[in-house]
Amino acid sequence: MSSQSKPKNITISTLNKLHSSGEKFSCLTAYDACFAEILSNAGVEVLLVGDSLGMVLQGHDSTLPVTMEDMIYHVECVKRGNRGSLLIADLPFMSYASETQTLENAARLMRAGGHVVKLEGGAWIASTTRLLAERGIPVCAHMGLTPQSINRIGGFHVQGRDTEQAQAIIEEAQMLQEAGASLLLLECVPRDLARKVTELLEIPVIGIGAGPDTSGQIMVLHDVLGISPITPKFVKNFLLESENGIPGAIETYVKAVKDLSFPADEHCFH
Ligand code: KIV
């Protein structure tokens with residue numbers, strides 16, 4: 001990508017405009033300054049400091065051990081390397097269990113450099129979403145497969161496969177938009193359900209394992225570089241076809257999201 005076309009200071013309104021115009025946007029997880037710079041220079045609109053760092057960086061088998069201190073450290077690192085992408089920061093497990101705790105922790109992430117906070121859940125995070133949004137903190141609500149609830153869900157399974165569960169996701173997504181969420185992230189749901197939610201909502205919907213019809217796509221950085229120990233169905237290794245190493249792989253990912261060649265049918269759940 002030429003330096004003229006690199007994204008500069010992406011905001012929620014940039015994503016709203018892309019969503020309204022039908023242009024897809026790309027998001028990737030980032031955990032340090034070096035990769036943050038490569039990713040934002042390659043045109044990735046959104047960098048997510050995800051609590052997936054507990055698995056891909058720290059070697060845990062879930063995201064549950066990740067602490068606020070871990071998140072603050074990595075948000076500060078990513079902020080230093082970021083060159084204008086929107087920075088979303090995860091509120092980790094049990095860091096938004098009470099109102100006071102939510103406000104304190106969200107404020108810490110914003111002071112560290114986050115532009116948006118992400119939290120996982122459905123109807124039960126509606127009041128938390130409202131609390132944050134009314135105080136000027138943009139919220140990305142994460143639905144579908146929510147890894148912080150892995151012990152309740154019972155495994156990293158596709159969500160919303162049956163009619164009742166799909167209807168609940170649709171209704172709760174609308175509830176979260178109504179509560180003031182600026183973005184919705186849908187993880188591991190059937191393509192048709194993700195399409196329906198995206199069509200029904202006004203806010204941009206970011207998908208992972210949710211098919212090509214959402215407003216944007218997100219992937220874990222280690223997955224697009226093919227260095228994760230497991231390869232779920234929705235993952236593609238972009239380093240394999242890169243002629244310019246890691247920057248080339250990231251540019252190919254951005255292009256594939258924009259021209260709709262990723263995710264392909266083989267990456268979707270039906
Ligand atoms: O923590 C994370 O990296 C995430 C992505 C899987 C979307 O939430």
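Atoms within a ligand are numbered from 1 in the order they appear, just like the ligands themselves.
Under a 3.5 Å cut-off, the side chain of Gln101 and the backbone N or O of Ser98 do form a donor-acceptor pair. Between the side chain of Ser228 and the backbone N or O of Ile230 there is no donor-acceptor pair closer than 3.5 Å.
In this structure, Met219 has no heavy atom closer than 4.0 Å to ligand 1.
Atom 3 (O) of ligand 1 has Ser52 OG, 2.5 Å as its closest protein atom, hydrogens excluded (heavy atom only).
With salt bridges taken as basic N to acidic carboxylate O contacts below 4.0 Å, one links Glu69 and Arg108. Here Glu199 pairs with Arg195 in a salt bridge; the nearest charged N to carboxylate O distance falls below 4.0 Å.
With a heavy-atom cut-off of 4.0 Å, Asp90 touches ligand 1 through its side chain alone.
Near His142, meaning under 4.0 Å from one of its heavy atoms, ligand 1 places the atoms 8 (O). Set against the non-hydrogen atoms of Lys118, the atoms of ligand 1 under 4.0 Å away are 4 (C), 8 (O). Near Asp51, with a cut-off below 4.0 Å to any heavy atom, the atoms of ligand 1 are 1 (O). With ligand atoms numbered from 1 in the order given, ligand 1 contributes 1 (O), 2 (C), 3 (O) to contacts under 4.0 Å with heavy atoms of Gly50. Close contacts between ligand 1 and Leu48 involve ligand atoms 2 (C), 3 (O), 4 (C), 5 (C), 7 (C), 8 (O) [criterion: under 4.0 Å to a heavy atom]. Atoms of ligand 1 found under 4.0 Å from any heavy atom of Thr29, numbered from 1 in the order shown, are 3 (O).
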Under the side chain to side chain donor-acceptor pair (under 3.5 Å) rule, what do Gln148 and Asp51 come out as? Steps first, then yes or no, please. CA-CA 9 Å; Gln148 291 175 14; Asp51 60 359; 2.7 Å; yes
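We find the CZ-OG1 distance between Arg152 and Thr146 to be 6.0 Å, quoted to the nearest 0.5 Å. Considering CG of Leu132 and CD1 of Ile125, their distance stands at 9.5 Å, rounded to 0.5 Å.
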